[in-house]
Each structure stands twice: as C-alpha cells, then as structure tokens.
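The next block holds one structure in the form of structure tokens; read it before the comments.
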Amino acid sequence: MSTSSIRRIVRVSGSVQGVGFRWAAADRAEALGVSGTVRNLLDGTVEADVEGPEDAVRQMLAWLEEGPTSARVSGTEVREEQPRGTSGFRIAG
C-alpha cells in the first residue's frame, strides 16, 4: 500500500449542483482520510482538490466519477498538482 502523498484537482460536470454533491464528497473524503476542498463553480461544475495517500486519492477520484446517487456525473477532468501538506477536508463554496 502506497503512503506517498499525491494531490489531484478534479472538475466534475453533469447534474452535480443542488443535489448534495459537496456534502457527500466531504463525507467520502473523511472516510478515506484525504484532505482538501470541494466547491461549486459558476459554470455549474464542482471542483474537488484532493490530497493524501495515493491509494486513498485514487479511491476518491473513482467516487467522484460517480458521485452520490442524487447526482448525474457526465464527466471528470483531472490534473496533477504538487501536494501542499493540507489537513482536513472542507466545503469551500
């Protein structure tokens, strides 16, 4: 199991605002032990900034591709960033 920290920023598109996506993402992030933020963007997408152990981040990315049952994810865009050493996961907006 990998313990090296990675960071990914994910933009999630589809029917993802107004459906509890951010709260469900925060719950999943806490369960997986990853840190970062999740927020709504003005264009109707959701952006998640996820950092932590590689295995946990990959599990979070897989969850973001589906989202909660109330959401309809049509796609995700993922970019790699350098880890910042953040702790905790919060809903940013």
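Among pairs with a residue in residues 31-51, none fulfils ring-ring contact (aromatic ring centres under 6.0 Å, His included), at least two apart in sequence or across chains. Applying the salt bridge (Lys or Arg N to Asp or Glu O under 4.0 Å) test to pairs two or more places apart or on separate chains, none has a residue in residues 18-32. Judged as a salt bridge (Lys or Arg N to Asp or Glu O under 4.0 Å), the pairs with a partner in residues 83-93 (not counting sequence neighbours) are, in order, Asp49-Arg84.
Judged as a side-chain hydrogen bond (donor to acceptor under 3.5 Å, both in side chains), and not counting sequence neighbours, the contacts of Arg11 are Thr45.
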Taking distance alone, no hydrogens or angles, what donor-acceptor pairs closer than 3.5 Å link side-chain atoms of residues 33-41 to residues at least two apart or in another chain?
residue: Ser35; atom: OG; partner: Glu51; partner atom: O; Å: 3.3
residue: Ser35; atom: OG; partner: Thr86; partner atom: O; Å: 3.2
residue: Ser35; atom: OG; partner: Thr86; partner atom: OG1; Å: 2.8
residue: Arg39; atom: NE; partner: Glu47; partner atom: OE1; Å: 3.0
residue: Arg39; atom: NH2; partner: Glu47; partner atom: OE1; Å: 2.9

Please report, to 0.1 Å, the donor-acceptor pairs under 3.5 Å made by any side chain of residues 56-71, with sequence neighbours excluded.
residue: Arg58; atom: NE; partner: Glu54; partner atom: OE2; Å: 3.1
residue: Arg58; atom: NH2; partner: Glu54; partner atom: OE2; Å: 2.7
residue: Ser70; atom: OG; partner: Val19; partner atom: O; Å: 2.5

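Under a 3.5 Å cut-off, the side chain of Ser13 and the backbone N or O of Gly75 do form a donor-acceptor pair.
Connection of Val73 to Leu32 is established within a shared hydrophobic cluster, with ILVMFWY side chains joined at heavy-atom distances below 4.5 Å, either directly or through further cluster members.
Comment: Glu81 engages Arg79 in a salt bridge, judged by a side-chain N to carboxylate O separation of less than 4.0 angstrom.
Side-chain contact between Arg8 and Glu80 is present, with at least one heavy-atom pair separated by less than 4.5 Å.
The nearest pair of heavy atoms linking Val50 to Phe89 is CG2-CE1, 4.5 Å.
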